[in-house]
Amino acid sequence: MPINNTILVTGGAGFIGANFVLRLIEETGVNVVNLDLLTYAGNPANLDSLRADPRHLLVQGDICNAELVRSLLAEQRPRAIVHFAAESHVDRSIVAPDAFIRTNVQGTFTLLEQAKPYWSALDEAGRRAFRFLHVSTDEVYGSLGPHDPAFSESTPYAPNSPYAASKASSDHLVRAYHHTFGLPVLTTNCSNNYGPFQFPEKLIPLMILNALEGKPLPVYGDGANVRDWLFVRDHCAAIRAVLERGHVGETYNIGGNSERKNLDVVMTICDLVDEMQPDAKLGSRRNLVTFVKDRPGHDRRYAINASKILRELGWSPAERFESGLRRTVRWYLDHLDWVENVRTGAYLRWIEQNYTERLTS
């Protein structure tokens, strides 16, 4: 069975997935079949510019639905699966871990189970060309001390949250399907992403919007937790490099070379919002910073050593954190209609539960 110039993307209406799909279709001639359950963080509006584009097919469905995955593979005959679909918010995983086990573990297992016979039935050229690319996170490696070397691809796994544990489980499944069955897989582990279309429960968009509206800016603990920040479009470029040139069975860490304390990120956001949307009544948005009770098991520091992907594939981040953050703040201020459309009653209840209760504790 031959393959088509088609890529099956899971979770392609979410934050990173949508950015990947938009740029892939804009810059190449590939067709994309986009499988997304369209839960709270999967938003068809992210893909509005593709509404009339015949190269994009959005299918609302569950990656745990084996029959749906099987039929899509049989009908579309993709040359690759790029697997973004995941529950990804650590705070939500603490409150309701069952959804993370279902999507991140069972969903990845279902995709692998359906990819294996599909790949086996391809003709020789198709089997050589096919790839299953699994998008994961640096959180599987656990937490670093202030002077520890950054995570490399050989760092032992030590997940500390239900989210990280579910992603670690999926990583191990992907590896096992390569070593046991020969499935041509690739895995990427990325640092914290930021940029357009990120759901506003995450740190950077939450702080941008609260600062704009004069609401408290809830910072966990002492604000000294360190993350390596990666502009989402740089991440998408790295995934394409791995898909096109990565060595089968390998893992590639993708980082932004931008370690920052959470408090420093929040303060910079305050200054940018003050500059772009000044409010004389509010004065400096830095005054809105409010320290709240830390979340359980909060990892102290993440950092990515991305030397392997630079050495083997020639990728490095193009965006500096300062310029990327400026672009991100500008995007949210210019797309408040998008923000209002994603701020549903369920989102507001989550913010009340997770942040307001911490403010009063």
Side-chain angles (χ1 to χ4, degrees), residues 15 41 88-97 137-139 142-148 159-164 191-195 198-230 256 258-303 321-322 324-326 328-329 332-333 339 343 346-361:
F15 163 46
S88 66
H89 191 37
V90 174
D91 292 327
R92 286 182 183 267
S93 81
I94 294 169
V95 174
T137 173
D138 59 358
E139 298 198 32
S143 184
L144 293 170
H147 305 297
D148 289 340
N160 289 322
S161 70
Y163 162 61
S191 56
N192 281 35
N193 278 223
Y194 68 100
Q198 189 169 28
F199 194 73
E201 68 185 357
K202 296 295 182 76
L203 177 71
I204 286 179
L206 177 68
M207 295 301 161
I208 293 169
L209 298 172
N210 278 18
L212 179 65
E213 297 166 0
K215 295 179 179 178
L217 306 180
V219 175
Y220 285 148
D222 61 3
N225 300 75
V226 173
R227 299 294 182 263
D228 174 32
W229 292 96
L230 174 66
S258 297
E259 286 187 62
R260 299 289 188 281
K261 293 180 181 179
N262 286 348
L263 183 59
D264 293 340
V265 172
V266 173
M267 292 299 190
T268 304
I269 290 170
C270 290
D271 296 343
L272 288 169
V273 176
D274 284 345
E275 174 193 328
M276 297 180 191
Q277 198 78 35
D279 188 321
K281 292 182 180 178
L282 286 176
S284 171
R285 261 82 171 198
R286 290 185 174 221
N287 296 327
L288 299 171
V289 171
T290 306
F291 294 96
V292 300
K293 182 181 178 182
D294 209 351
R295 72 182 179 206
H298 196 180
D299 290 338
R300 196 63 172 172
R301 174 177 168 246
Y302 302 147
F321 179 70
E322 290 72 20
L325 188 60
R326 176 175 288 275
T328 301
V329 172
Y332 279 94
L333 297 185
V339 171
R343 279 176 155 178
Y347 165 75
L348 294 175
R349 285 193 296 275
W350 165 252
I351 294 298
E352 177 72 21
Q353 176 186 12
N354 194 64
Y355 291 107
T356 305
E357 289 180 3
R358 291 177 190 275
L359 282 166
T360 58
S361 68

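Position 1 is the first residue of the sequence; numbering continues from there.
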Got a second to check how far [X]'s [atom1] is from [Y]'s [atom2], nearest 0.5 Å?
| X | Y | atom1 | atom2 | value |
| --- | --- | --- | --- | --- |
| R92 | S161 | CZ | OG | 14.5 Å |
| I208 | C270 | CD1 | SG | 10.5 Å |
| L144 | Y302 | CG | OH | 9.5 Å |
| M276 | L212 | CE | CG | 11.5 Å |
| L288 | N210 | CG | CG | 8.5 Å |
| N160 | H298 | CG | NE2 | 11.0 Å |

Got N225 and D299 here, is their nearest side-chain heavy-atom distance under 4.5 Å? no
Any non-hydrogen side-chain atom of M207 less than 4.5 Å from a side-chain atom of R285? no
Using modelled atom types and a 3.5 Å cut-off, is there a donor and acceptor pairing between side-chain atoms of [X] and backbone atoms of [Y]?
| X | Y | value |
| --- | --- | --- |
| R301 | D148 | yes |
| D294 | Y220 | no |
| Y332 | L206 | no |
| N262 | A224 | no |

Taking every non-hydrogen atom, the tightest pair across [X] and [Y]:
| X | Y | answer |
| --- | --- | --- |
| P216 | T290 | CB-OG1, 3.8 Å |
| I94 | P296 | CD1-O, 3.8 Å |
| A211 | L217 | N-CD2, 3.5 Å |
| L209 | P200 | CD1-CB, 3.6 Å |
| A303 | D228 | CA-CB, 4.2 Å |

Give a yes or no on whether a salt bridge exists between R227 and E139, defined as a side-chain N under 4.0 angstrom from a carboxylate O.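 Salt bridge absent between R227 and E139.
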Could you pull out all residues at least two apart from Y163 that satisfy side chain to side chain donor-acceptor pair (under 3.5 Å)?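 Side chain to side chain donor-acceptor pair (under 3.5 Å) check on Y163 returns nothing, list empty.
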Between L263 and V289, does a side chain to side chain contact (heavy atoms under 4.5 Å, CB included) hold up when you go through it step by step? CA-CA 9 Å; L263 183 59; V289 171; 4.0 Å; yes
Once you measure the plane-to-plane angle for Y194 and W229, does it fall in the parallel (<30°), tilted (30-60°) or perpendicular (>60°) bin?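 The rings of Y194 and W229 stand perpendicular, inter-plane angle above 60°.
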Tell me, with the steps shown, if F15 and N193 meet side chain to side chain contact (heavy atoms under 4.5 Å, CB included). CA-CA 9 Å; F15 163 46; N193 278 223; 3.6 Å; yes
Yes or no on salt bridge (Lys or Arg N to Asp or Glu O under 4.0 Å) for R326 and D271, after CA distance, side-chain angles and deciding distance? CA-CA 10 Å; R326 176 175 288 275; D271 296 343; over 6 Å; no
